Q: 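Structure below; questions to follow.
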Amino acid sequence: MHLPLSTYRIQFNPQFTFKQAKALAPYLADLGINYLYASPIFKARTGSTHGYDVADPTQINLELGGKEQFDELTIKLQELNIKWLQDIVPNHMAFSSQNKMLMDVLENGSDSQYKDYFDIAWDHPYQGIKGKVLAPFLGKFYGDCLESGELQLQYNEQGFSVNYYDLKFPIRIESYTNVLAYNLGQLRQKLGRKHPDFVKFLGVLYGLKYIPSGEEGGERDDQIAFIKSMLWELWTENAEIHQFIENNIQFFNGVVGNPESFNDLEDLLAEQFFRLAFWKVGNEELNYRRFFTVNDLISLRIEDWNVFENTHQLIFDLIEAGQIHGLRIDHIDGLFDPATYLFRLRERATHTYLTIEKILETEEELPLSWPIQGTTGYDFLNFVNGLFCHQSHEAALTEIYERFIGQSIQCDRLIDEKKRLIISKHLAGDIDNLAHFLKQVSTRYRYASDFTLYGLKSALVEVMALFPVYRTYINNDEVSGSDRHHLEQVLAQAKENIPVFLNELTFIEKFLLLDFDDYLSDEDQQQWLHFVMRLQQFTGPLMAKGVEDTVLYIYNRLISLNEVGSNPTKFGVSLEEFHHHNQRKCANWPHTMNATATHDTKRGEDVRARINVLSEMPQEWEKQLQQWRSLNAAQKDCLPETGLDVPDPNDEYFLYQTLIGTFPFTNPFTDPDYPQFIQRIQDYIIKAIREAKVYTAWLKPDSGYEAGFTRFAERILKADAKNEFLTEFCQFQAKIQHYGIFNSLSQVLLKMTTPGVPDLYQGTELWDLSLVDPDNRRPVDFKLRAKLLKGIKKAWEKDPLDLLAHLLAKPEDGRIKLFLLYQLLQTRRDFSEVFQRGDYQKLTVIGSLQDHVVAFARTWGDHTAIAIAPRFFTTIVSETEAPLGDQVWHETRLCLPPGSPTHWQDRITGQQLLSADTIFLRDSLRHFPVALLVNQADDVNSETAVVSSSHSQKPKG
């Protein structure tokens with residue numbers, strides 16, 4: 001297996017294709033990247049900006065350049081020694097007319113060759129969707145759409161369909177007769193009974209009468225294809241038949257204002273294998289599994305061997321061809337049986353790097369038996385981010401927050417409340433299906449025969465709301481220790497919360513723990529297991545929607561801690577916790593990914609680095625808040641219906657932190673692009689408050705609150721000399737910005753040197769001041785980055801210390817971050833075994849500033865690398881100083897283990913250091929705010945290159 005040293009995530013879309021990536025490849029190679037990490041590249045819905053709405057996994061997306069341009073790109077990458085990590089989507093596909101497999105199911109029902117591909121409950125207890133697939137895509141109630149003429153029967157070469165704007169639903173072949181035979185005598189009269197085309201038309205009707213069933217294999221498909229081709233030929237070549245079919249279509253489409261004229265279309269729709277419905281119905285009555293709560297993403301039954309093989313064949317072909325070398329598996333927790341899926345994948349991709357998108361709670365461990373290299377790195381993101389949050393100020397920040405908003409918020413209670421909201425508003429249909437399944441099973445047991453659907457559903461809701469992790473992984477009659485612990489914890493609390501349903505909870509407990517009675521047959525036991533495995537698929541979406549997409553937009557104490565996979569109740573990470581986490585990774589998952597920014601993160605990595613600074617200065621933060629509130633009070637609108645001033649204090653608090661984190665380095669009074677920043681903030685406000693679901697929501701937007709909040713933002717950000725707030729804000733923000741730069745640099749060093757594979761999200765080699773998508777998926781100026789890197793290398797060749805001084809003097813252009821990344825990537829390449837296989841040793845720091853330093857060593861063979869990353873800068877340097885040299889670090893030093901090397905080189909600055917058993921920070925941090933020391937042979941001569949690609953330039957200083 002070839003293991004990545006670093007990955008660079010690219011978001012492919014119709015505006016950034018394989019052709020653009022090919023032009024980008026030399027820059028990535030120059031930077032030091034050895035794996036291109038690609039968003040989904042298989043055929044997606046037309047115009048897809050992300051690729052997760054896959055329409056055909058057997059084709060490479062033509063909008064990205066197709067197979068030809070993909071081949072050209074991979075050839076170029078191979079020339080540059082860059083390999084390919086591919087993001088794949090085994091959980092779901094697009095519910096779209098472009099999804100031919102799904103359209104075949106909608107057209108043929110149980111006779112479709114793809115009938116088992118999608119996670120559909122055909123035998124649903126609700127009669128209205130029994131034997132059908134619910135299609136909840138209508139913008140209003142079905143009857144209104146029908147009688148307003150929005151549902152249109154249409155015909156083209158593919159056959160008849162009912163269209164709703166750009167949505168197309170195929171009519172089952174057996175229903176064609178209803179349309180074609182209507183008023184048939186009129187066509188006979190026009191053409192004549194013996195007209196060859198009329199005879200052919202009758203042949204079509206006869207063929208429709210005797211369509212084979214799906215059990216007869218390809219015969220059904222062949223006959224349908226023959227009938228469709230003959231009908232199309234008649235439509236295109238005979239004007240009378242064309243007009244006849246057009247007239248029939250017009251008849252079925254009814255006349256707006258005449259409700260009875262739509263009866264025939266309604267009857268036609270009643271025959272179909274789909275049921276069109278108002279989109280909100282999908283939240284309450286649903287018979288297919290979705291991705292989270294997204295109606296137009298339908299889940300696959302990837303546990304079926306045929307589904308797995310057919311949807312993965314192209315992936316395996318590309319691996320076999322040497323074009324793909326690693327796979328990132330999206331939403332592993334959505335699968336029916338993640339472990340079995342991963343073992344199947346490993347059997348077919350024996351030497352392929354495998355990583356999974358998986359959220360781990362703070363104390364949760366990834367199953368050690370899984371045949372993968374690790375996760376996509378959200379766990380690292382939250383550990384490294386928490387390291388820059390000053391834990392000792394938790395109480396002060398909590399009090400400041402609660403004083404500002406005028407209330408106390410218990411986050412645990414908020415999480416419980418919002419998970420229950422998601423259950424009732426967004427997942428009701430899914431929970432209902434689970435309850436029906438449980439009710440059906442319970443009737444077979446005498447001690448459960450009296451349980452009502454209401455009681456079982458109430459007990460299920462309680463269990464799911466209390467679930468502390470995304471899911472358990474039970475897939476046979478063995479329950480792991482960790483899964484048993486979580487389940488017993490949940491059930492004990494549930495029994496305490498709702499004792500009236502104690503019997504139901506005890507019954508569910510037997511199910512979840514697979515506590516089989518002795519008399520249970522194998523069939524019964526399999527039914528129990530099936531229920532448990534089905535339940536496990538829905539606890540993850542509940543956690544994601546309830547916490548990540550709701551609570552993290554409400555609980556705003558310190559929003560830098562509100563990130564994917566985070567626990568907002570946990571205020572920061574201690575040094576000991578951070579070291580322990582890395583030691584566990586080194587022992588168990590040394591090749592997992594280390595991420596600090598992804599396409600899914602809620603804030604850019606440097607936004608969080610800035611906001612974390614607030615945790616160091618609670619008193620000053622509160623002083624600013626009080627001043628800003630006073631200055632901006634007059635800028636609020638009052639909603640006449642409720643008397644509410646907009647925004648409310650919690651949203652106002654949220655906005656100020658957001659502005660501190662995202663504010664441009666440029667002067668708002670002179671920057672021509674500043675209005676774009678204001679627009680980005682206004683767009684973000686709408687998304688954030690809809691996700692919070694307090695005053696407005698995606699299901700029920702409140703235009704009054706939204707407009708009031710965006711106007712408030714526009715007013716307080718107006719670049720006007722009379723805007724006192726903006727002037728005051730910029731002064732404080734510049735201070736936060738200064739310290740945030742050093743947080744960011746330390747974060748970069750830690751990502752690149754701790755156990756794991758560092759992942760760079762596109763464009764983040766310069767300052768990443770983006771917000772949640774779509775903001776973090778804006779186009780990246782790669783030409784600028786390539787130009788800056790070239791300039792950095794040239795300046796280093798000329799005078800390294802002069803370059804360092806210029807980078808520190810002008811950090812706002814981002815070159816200082818790009819420089820650091822480049823240096824670290826070169827070092828990872830030169831000492832790959834140290835970072836891929838080396839151990840992890842935390843180093844003891846002595847001195848008055850010992851809590852301000854994160855230091856550790858990585859050793860493999862004769863080489864040792866020492867990383868030194870400072871933190872908490874506000875109390876050690878002023879807002880105009882850099883944390884360098886003796887005037888900052890004084891006597892603070894690292895103690896090295898006995899037998900450590902004595903000759904070191906800082907791979908960032910090129911500086912040579914000598915040590916016995918101690919390294920003083922005043923020496924190692926003399927020219928740059930972070931250091932990465934690598935030992936040199938005792939007889940080293942200093943003709944060592946650090947920045948230049950030739951590694952032959954003598955460092956100066």
Side-chain angles (χ1 to χ4, degrees), residues 12-14 39-64 66-67 87-122 129 132-138 154 156-173 214 221 224-225 228 272-277 279 282 286-304 306-315 330-331 334-335:
F12 285 107
N13 59 69
S39 64
I41 62 170
F42 304 106
K43 184 181 178 182
R45 198 162 20 204
T46 300
S48 174
T49 60
H50 48 76
Y52 289 98
D53 45 356
V54 178
D56 187 350
T58 68
Q59 292 185 50
I60 291 179
N61 198 341
L62 284 173
E63 287 194 299
L64 305 183
K67 184 65 163 66
D87 192 348
I88 63 171
V89 193
N91 178 69
H92 55 266
M93 291 178 67
F95 198 130
S96 163
S97 58
Q98 296 171 39
N99 183 344
K100 292 182 180 178
M101 292 188 291
L102 179 60
M103 291 304 103
D104 193 275
V105 172
L106 297 187
E107 187 173 11
N108 294 288
S110 60
D111 287 320
S112 171
Q113 61 178 311
Y114 303 109
K115 64 181 182 297
D116 296 324
Y117 271 51
F118 300 97
D119 201 342
I120 300 166
W122 293 101
I129 49 178
K132 300 175 182 287
V133 182
L134 186 72
F137 300 106
L138 304 182
Q154 294 184 10
N156 62 20
E157 190 173 2
Q158 281 70 49
F160 286 102
S161 64
V162 168
N163 295 11
Y164 177 70
Y165 296 102
D166 60 342
L167 298 177
K168 182 182 294 186
F169 301 90
I171 294 300
R172 60 186 296 186
I173 194 72
D221 293 336
I224 290 174
K228 285 184 176 181
Q272 305 314 311
F273 292 116
F274 57 85
R275 181 199 145 198
L276 293 170
W279 67 272
L286 193 69
N287 68 338
Y288 67 90
R289 187 169 59 87
R290 305 168 290 180
F291 171 72
F292 289 1
T293 57
V294 183
N295 287 349
D296 57 4
L297 292 176
I298 184 170
S299 295
L300 288 161
R301 294 183 64 254
I302 209 70
E303 64 273 13
D304 184 289
N306 288 330
V307 180
F308 173 84
E309 283 292 319
N310 291 341
T311 58
H312 285 64
Q313 190 55 57
L314 178 56
I315 295 168
D330 181 67
H331 190 40
L335 305 189

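Just so it is clear, the model here is predicted, and its values are computed rather than measured. Counting from 1, the numbers follow the sequence of the chain as shown. Side chains are part of it too, since the values below use all heavy atoms of this structure and drop only hydrogens, waters and symmetry mates.
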Q: Do Met93 and Leu102 touch side chain to side chain, with heavy atoms closer than 4.5 Å?
A: no
Q: Any chance the side chains of Tyr114 and Asn310 put a donor and an acceptor closer than 3.5 Å?
A: no
Q: Can you name the salt bridge (Lys or Arg N to Asp or Glu O under 4.0 Å) partners of Lys115, sequence neighbours left out?
A: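 Partners of Lys115 by the salt bridge (Lys or Arg N to Asp or Glu O under 4.0 Å) criterion come out as none, since no residue qualifies.
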Q: Supply the atom-to-atom distance Asp53 CG to Asn99 CG, rounded to the nearest 0.5 angstrom.
A: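 Going from CG on Asp53 over to CG on Asn99, the span is 10.5 Å.
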Q: Is it the case that atom NZ in Lys100 sees more than 12 heavy atoms from other parts of the structure closer than 6.0 Å?
A: no
Q: Which heavy atom in Ser48 sits nearest to a heavy atom in Pro14, and how many Å separate them?
A: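 Heavy atoms of Ser48 and Pro14 come nearest at O-CD, 3.2 Å.
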Q: How close do Ser39 and Phe12 get, counting heavy atoms only, and between which atoms?
A: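 Result for this residue pair: OG-N, 2.9 Å.
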Q: Which residues pass the side chain to side chain donor-acceptor pair (under 3.5 Å) test with Asp296, not counting sequence neighbours?
A: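 Residues passing side chain to side chain donor-acceptor pair (under 3.5 Å) with Asp296: none at all.
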Q: Identify the two heavy atoms, one from Tyr117 and one from Gln113, that lie closest to each other, and give their separation to 0.1 Å.
A: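 Between these two residues, the closest heavy atoms are CE1-O, 4.2 Å.
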Q: Nearest heavy-atom pair of Phe273 and Asn108: which atoms, and what distance?
A: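 Heavy-atom minimum between the residues: CE1-C, 3.4 Å.
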Q: Donor-acceptor pair, distance only, cut-off 3.5 Å: does the side chain of Asn287 make one with the backbone of Lys132?
A: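 Between the backbone of Lys132 and the side chain of Asn287 there is a qualifying donor-acceptor contact (under 3.5 Å).
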Q: Going by side chain to side chain donor-acceptor pair (under 3.5 Å), name the residues that satisfy it together with Asn13, two or more places apart in sequence or in a different chain.
A: none
Q: On a heavy-atom basis, which atom in Ile171 and which in Val162 lie closest, and how many Å separate them?
A: CD1-CG2, 3.5 Å
Q: Mind checking side chain to side chain donor-acceptor pair (under 3.5 Å) for Tyr164 and listing every partner two or more places apart, or none if nothing turns up?
A: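 Side chain to side chain donor-acceptor pair (under 3.5 Å) check on Tyr164 returns nothing, list empty.
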Q: Name the orientation class of the two ring planes belonging to Phe291 and His331 (parallel below 30°, tilted from 30 to 60°, perpendicular beyond 60°).
A: perpendicular
Q: Taking only residues two or more places apart in sequence or in another chain, which ones pass ring-ring contact (aromatic ring centres under 6.0 Å, His included) with Tyr288?
A: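 ring-ring contact (aromatic ring centres under 6.0 Å, His included) check on Tyr288 returns Phe95.
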Q: Mind checking side chain to side chain donor-acceptor pair (under 3.5 Å) for Asn306 and listing every partner two or more places apart, or none if nothing turns up?
A: none
Q: Nearest heavy-atom pair of Gly51 and Pro40: which atoms, and what distance?
A: O-CB, 3.2 Å
Q: With no hydrogens and no angle check, is any side-chain donor or acceptor of Asn295 less than 3.5 Å from a backbone partner on Trp279?
A: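 A pair under 3.5 Å: yes.
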